[in-house]
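When reading the values below, keep in mind they use all heavy atoms of this one structure, side chains included, and skip hydrogens, waters and symmetry mates. Throughout, protein chains are lettered first and strands after them, A, B, ... in sequence-line order, and every chain is numbered starting at 1.
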Amino acid sequence: MFHTMTKQSLPFHTSTKLISRHFQTMITPSWNTHLRELTKHGNYEQCLDLYRQMLRSSRAPNAFTFPVILKSCAVLSHPVYGTQVHCHVIKTGCHSEPFVQTGLIALYGKCGFVGDARKVFDESPESQKLTVCYNALVAGYVRNDGFCDGFELFCKMRALGVRVDAVTMLGLIPGFSGECGRVRFGESLHCFVAKSGLDGDFCVGNCLLTMYVRCGAMEVARKFFDRMCVKEVGTWNAMISGYAQNGYATEVLELYKDLESCGVEPNPITLVGVLSSCAHLGAQRIGVDIEKKIRNSSFKDNIFLNNALINMYARCGNLVKAKEIFDSLLEKNLVSWTAIIGGYGMHGQGETAVHLFNEMIRCNIMPDGPIFVSVLSACSHAGLTDIGLDYFNSMKTNYGLKPGPEHYSCVVDLLGRAGRLDEAQKLIKTMPMKPDGAVWGALLGACKIHKNVDLAEFAFDRVIELEPTNIGYYVLLSNLYTEVNNTDGILRIRVMMREKRLKKDPGYSYVDHKGKTHLFVAGDHNHPQTKEIYAMLERLDELVNLSSSSGGGMVHSERLAIAFALLTTDIGQDILVIKNLRVCGDCHVFIKLVSKVIDRQFIIRDPTRFHHFKDGFCSCKDYW
DNA sequence: GTAGGGTTAG
């Protein structure tokens, strides 16, 4: 990997020849100074390049050279070259130098060779092992899934009386993240940190906060966050990203407002978290403000931010804007493609999604697992069943990718929507892993569309075994029973829900109109324009019934929302964003049909939960 | 003149 470095990566804008002559006259300490300067400014590649020149000039590295070089290897994750440097260390007799040993332990720990790190650690005499040495190994263990070994070493430090400091905690704390069950251990570690007086370090605070977030203990995390005295942008980021990843989108937007009012300057990481929450809520207005901020900033070309913008606009239904940003990107990565393809897919434009995917392949970009989820679900929403199946098969044969349960659930959905329920069932039987809730849920959804009660009951039993509190599945089966007039079934589900104390939130749909968000629930009569809305709905139902038998898949609140939207939006407006409509085949058929009849284009965004509403309809709140 | 750590983006 070392030979890949270019001459351009050398320091100074002079020729290699000149540099060589310049450095040949130098003694080792001068080389060391240059090397140190380079790493100080984060120029690790150049540092290694200069080290190579040093060797070519027959200048022997010393105990001051190696820590710098090992650090560079560690940061760049160059284990192969790092091992070569280890040989140089031995040749020059520097292997017993404590600074060099620590560098080696850190290098091996960072590159995943924790066994080698341990070897170096064990070879070092006990009297020479200081806190830094332990810290490097503790962090090495924790990073490489060796939490128990790391914790054991930490206990040994305390038993031996080796000083434990903030950096020890920074290496150890991430090991307490993960499953919810560990949050108690995390809290006890937190107690230790506080007792030791190490909680004053804001890095340790950030680390503890992230630990709670990763445990999914959001309330504990928030309490801790509120109590933290020093909050720098990283602290806010840990909390914002934590909320965003755990689906607390409204909390993210609230926290972002707090951040702004505290005068903290957000960085790209902050904004990515906020944009992803805008995407979830359909809060395009805030997204637009953030885009303005980005365009006027130094990070306007940040690929993560641009991808987040594409994702936000696409999910908010503004595919034109999403595509505009996508096209303007000089550098597109797999995430950019996934965002735009997913966007077209979720709005029923499967053909465009597939076309873009093919274009991506033509550009020699290797697809990965997540992009196949976007492509497969695009195919299933657009009814491109066989194309979707071909893509699924190509995952393994053309790209060597192993389909995960998320891909199987897409294909079950794909087959199921097309009415190929037997094949869907067969596919589940041949899955190389245990089917998860989403797989059985997809089958259940398909059974609902095709009114197959027996198979639906079978899938339902499986899915509630895996996700007993997911109300959606109970509602799905109950709705199917309603459609086939199975009163016993409806009652049975109702009893089950009561026994499990599951309560369904009323389904609602909403439409943005002139700065107000109008919200509808089934059978809603609260809206001031109720009369006109119901008249319009009647007309629409008539139109749809005349043209096709489809359209029955939409619930009442959705149809009310559409009727209202058609009544109120300005003539000449060609894009209408209707929110919280379920993205399903029937829904798209209905929308397409209506837009054809009234000669307007509809964009539909995916379902979302929105907490800030009153009964009936709500006015524009802070977010819109 | 040197060394150890964490947060982050579909």
Side-chain angles (χ1 to χ4, degrees), chain A residues 28-37 39-40 61-71 74 94 97-107 109-110 117 121 128-140 142-143 150 163-175 177 198 201-211 213-214 232-242 244-245 267-276 279 299 302-312 314-315 333-343 368-371 373-374 406:
Chain A
T28 302
S30 300
W31 283 93
N32 290 346
T33 308
H34 281 280
L35 292 167
R36 213 170 35 248
E37 277 303 308
T39 53
K40 220 160 106 186
N62 65 16
F64 291 99
T65 319
F66 290 121
V68 181
I69 302 306
L70 291 168
K71 164 104 183 179
C94 293
E97 292 288 338
F99 283 77
V100 178
Q101 283 169 345
T102 310
L104 282 165
I105 294 167
L107 164 78
K110 271 200 178 128
F121 181 85
Q128 209 167 284
K129 279 180 204 146
L130 299 174
T131 300
V132 277
C133 204
Y134 279 91
N135 288 354
L137 191 58
V138 167
V142 170
R143 249 197 307 260
R163 191 173 53 87
V164 168
D165 66 7
V167 181
T168 319
M169 301 326 298
L170 291 172
L172 186 66
I173 294 167
S177 311
L198 299 170
D201 185 310
F202 76 83
C203 295
V204 174
N206 290 352
C207 203
L208 284 165
L209 183 62
T210 307
M211 172 196 76
V213 164
R214 287 195 183 157
E232 44 88 55
V233 68
T235 319
W236 290 89
N237 288 351
M239 197 66 232
I240 287 178
S241 307
Q245 278 159 29
N267 70 11
I269 297 171
T270 327
L271 298 179
V272 167
V274 179
L275 283 171
S276 96
F299 32 79
N302 182 309
I303 182 85
F304 289 99
L305 274 176
N306 279 298
N307 290 344
L309 282 170
I310 295 171
N311 183 47
M312 184 273 295
R315 279 179 178 263
N333 65 15
L334 202 47
V335 181
S336 329
W337 288 94
T338 309
I340 194 73
I341 289 171
D368 66 353
I371 202 164
V373 174
S374 291
E406 67 277 25

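Among the nucleotides dG10(B), dG5(B), dG6(B), the one closest to any side-chain atom of Val335(A) is dG10(B). If you check dG6(B), dT8(B), dG10(B) against the side chain of Thr338(A), the one that comes closest is dG10(B). For Ala136(A), the side-chain atoms get nearest to dG4(B) when compared with the rest of dG1(B), dG10(B), dG4(B). Distances from the side chain of Pro67(A) to the nucleotides dG10(B), dG5(B), dT2(B) place dT2(B) closest. The side chain of Val132(A) lies closest to dG4(B) when the candidates are dT2(B), dT8(B), dG4(B). Residue Arg214(A) places its side chain closer to dT7(B) than to any other of dT7(B), dG10(B), dG4(B).
When only modelled atom types and interatomic distance are considered, Thr65(A) and Asn32(A) share a side-chain donor-acceptor pair under 3.5 Å. Using a 3.5 Å distance cut-off with no hydrogens or angles, the side chains of Asn206(A) and Asn237(A) do not pair a donor with an acceptor.
Legend: residues meeting side chain to side chain donor-acceptor pair (under 3.5 Å) with Lys71(A), ordered by chain and number and at least two apart, are absent. The side chain to side chain donor-acceptor pair (under 3.5 Å) test applied to Ser336(A) returns Asn307(A), Asn333(A), not counting sequence neighbours.
Counting any heavy atom pair closer than 4.0 Å across all strands shown, Thr270(A) reaches no nucleic acid atom. Using a 4.0 Å heavy-atom distance criterion, Ala139(A) is classed as a sugar-phosphate-only contact. Counting non-hydrogen atoms under 4.0 angstrom, Asn206(A) reaches a base of the nucleic acid.
The base of dG5(B) is not paired with the side chain of Asp165(A) by any donor and acceptor separated by under 3.5 Å.
Between the P atom of dG4(B) and the CZ atom of Arg143(A) lies a distance of 11 Å, rounded to the nearest Å. The distance between atom CD1 of Ile173(A) and atom C1' of dG6(B), rounded to the nearest whole Å, is 8 Å.
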